[in-house]
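All remarks here apply to the structure that follows.
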Amino acid sequence: MHDSGAGSVYDTLLERGYIAQVSDEDGVRELLAGTGVRFYIGFDPTADSLHVGHFIPMMVMAHLQRAGHVPIALMGCGTAMVGDPSGRTDLRQMMTLETISANAERFREQMRILLDFSDDRALMVNNADWLLGLNYVDFLRDIGVHFSVNRMLAAEAYKQRMEKGLTFLEFNYMLMQAYDFLELHRRYGVRLQLGGDDQWSNILAGADLIRRKEQTEAYALTIKLLTTSEGIKMGKTARGALWLDPEKCPVFDFYQYWRNIDDADVLNSMRLVTFVPMEEIRGWEHLTGSQLNPVKERLAWEVTAIVHGREAADAARQQARALFAGPGEADDMPETLLDAAELEAGVGLLELLERSGLSPSRSAARRLVRQGGVRLDDEVISDESLVLTAADFADGHRILRAGKKRFHRLRPAD
RNA sequence: GGGGGAGUACCCAAGUGGCCAAAGGGGGCAGACUGUAAAUCUGUUGUCUACGACUUCGGUGGUUCAAAUCCGCUCUCCCCCA
């Protein structure tokens with residue numbers, strides 16, 4: 001884990017491909033050339049776990065922290081009460097403050113995987129502290145005057161909503177985020193806000209506000225969203241987003257997501273989600289086809305190690321190698337225990353597929369069998385009415401496979 | 001406040017009394033081919049005690065032998081006028 005010693009952090013960010021837009025490139029470069037710069041990124045706790053979409057901005061914060069700057073992670077409990085319309089086609093589900101606060105608690109824990117909060121090397125603040133107590137009329141007179149509705153409507157973030165409709169509630173989001181920036185400038189001297197590229201107009205609004213209220217230059221820098229080479233958002237899995245919480249996305253699945261990445265996206269991902277030095281990454285540029293497989297494995301290990309720790313990454317790698325390469329198997333494969341009584345009576349294959357989570361329903365399990373997608377150990381099972389009894393477990397456990405990539409261990413309970 | 005329009009499966013979107021578990025596309029899943037990739041081809045994609053049965057077309061109550069389709073009420077959203 002190391003950055004290239006030479007060059008400024010700004011150049012590191014640029015080279016690794018994080019930067020999407022900057023309000024004043026020279027200004028930001030100069031600012032970051034110093035040390036101890038406080039900058040912030042806001043995270044609205046609208047779900048109970050962070051996902052890869054948040055992970056990229058976190059990586060940027062980590063790079064900057066390692067270069068001696070001070071990241072401020074803003075928990076958007078106040079802004080989450082309103083909901084950011086940027087990039088959304090419809091109104092977010094309104095959330096209660098309790099839910100939001102509980103989510104923020106999870107976010108806080110997950111932030112620690114990448115940021116060092118000790119000795120004020122990074123700060124965590126909550127905009128509920130200043131947003132929830134605001135007086136409406138005061139806010140309008142103090143902040144609202146500085147916003148032109150005409151200009152707001154021209155913002156890309158709102159344009160998309162002009163067809164589907166935009167509520168006044170959401171329309172205010174930009175003002176709140178702008179106010180956050182101002183508030184953090186006043187409290188901590190923050191002059192730089194980072195965010196996903198969809199946050200561009202919101203961040204600029206804040207920089208403008210600071211300029212007007214404080215006559216100080218503030219900067220906006222947006223980070224590229226994690227997309228495939230075809231511009232499609234990455235991080236979606238069959239079960240939804242690629243969550244950082246192992247409860248919501250098992251480590252093995254997380255690892256496999258990166259292991260199975262498209263050839264065209266390997267190096268780009270390597271730059272964005274790992275700390276592997278650029279010199280090393282450049283050395284892989286000429287690789288093509290199956291030569292990229294070891295690189296994919298490295299990528300998967302590196303990200304997994306950052307998010308879940310080295311041991312978990314080692315385990316996932318070992319498990320994957322065992323399952324795909326040889327007849328072996330790993331220890332921490334998900335498993336289902338079968339008690340003696342049910343083995344006595346016999347357990348149906350379809351039931352097992354459903355219970356293990358390999359199939360969402362028995363109908364789906366039946367289809368899977370019919371299409372030759374089910375294997376018990378290495379044998380394809382075509383009999384959908386197959387029943388397993390204690391005799392089938394004479395050698396201990398059996399491995400149930402759905403398709404080529406999903407595995408589950410069945411084991412008699414002791 | 002007045003007028004018009006829309007809500008269909010994971011998403012988009014056909015269907016306007018029976019031939020509808022509901023066209024088509026996307027996505028997902030499986031198989032073939034491969035490199036645990038992509039592309040391509042094939043199959044599949046409501047549930048179940050499965051050649052049949054049951055539940056689904058915003059919600060609810062009706063009309064009818066029969067409703068996603070007709071009527072009343074209701075919820076949500078969009079557009080035009082104010």
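Just so we're on the same page: letters track the sequence lines, and every chain starts at 1.
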Mind telling me if B:C51 is syn or anti? Syn here is a glycosidic angle within 90° of 0.
syn
In terms of relative ring orientation, are A:Trp243 and A:His51 parallel, tilted or perpendicular, with 30° and 60° separating the classes?
perpendicular
Would A:Arg259 count as a cation-pi partner of A:Phe324, with NZ or CZ less than 6.0 Å from the six-membered ring centre and within 45° of the ring normal?
no
Is A:Arg406 close enough to B:C29 that one of its side-chain N or O atoms is under 4.0 Å from OP1 or OP2 there?
no
Please give, in whole Å, the distance from B:U36 P to A:Tyr255 OH?
13 Å
Scan every strand shown for a Watson-Crick or G-U wobble partner of B:G17, both distances under 3.5 Å, and answer none if you come up empty.
none
On the nucleotide B:U47, are OP1 or OP2 found under 4.0 Å from the side-chain N or O atoms that A:Arg367 carries?
yes
Base, sugar-phosphate alone, or nothing: which one does A:Arg401 contact when heavy atoms must sit under 4.0 Å apart?
nothing
Is any side-chain heavy atom of A:Leu221 less than 4.5 Å from a side-chain heavy atom of A:Ile19?
yes
Quick one: which of B:U36, B:A37, B:C29 gets closest to the side chain of A:Asp263?
B:A37
Below the 4.0 Å mark, does B:G35 have OP1 or OP2 next to a side-chain nitrogen or oxygen of A:Lys404?
no
Is the number of heavy atoms from other residues, nucleotides or ligands within 6.0 Å of CZ (A:Arg151) greater than 12?
no
Quick one: A:Arg366 CZ to B:C48 C1', roughly how many Å, whole number?
8 Å
A side-chain contact here means heavy atoms from C-beta on lying under 4.5 Å apart; do A:Glu280 and A:Arg298 qualify?
yes
note: A:Gln371, atom CD; B:G43, atom C1'; distance rounded to Å ~ 6 Å
In whole angstroms, how far is the P atom of B:A37 from the CG atom of A:Leu292?
13 Å
Compare side-chain N and O positions of A:Ser361 against OP1 and OP2 of B:C48 and report whether any pair is under 4.0 Å apart.
yes
OP1 or OP2 of B:U49 less than 4.0 angstrom from a side-chain nitrogen or oxygen of A:Arg362, does that happen here?
yes
Residue pair A:Leu350/A:Ile261 against RNA chain B: nearer the 5' end by closest nucleotide is A:Ile261
A:Arg375 CZ to B:U36 P: how many Å, rounded?
13 Å
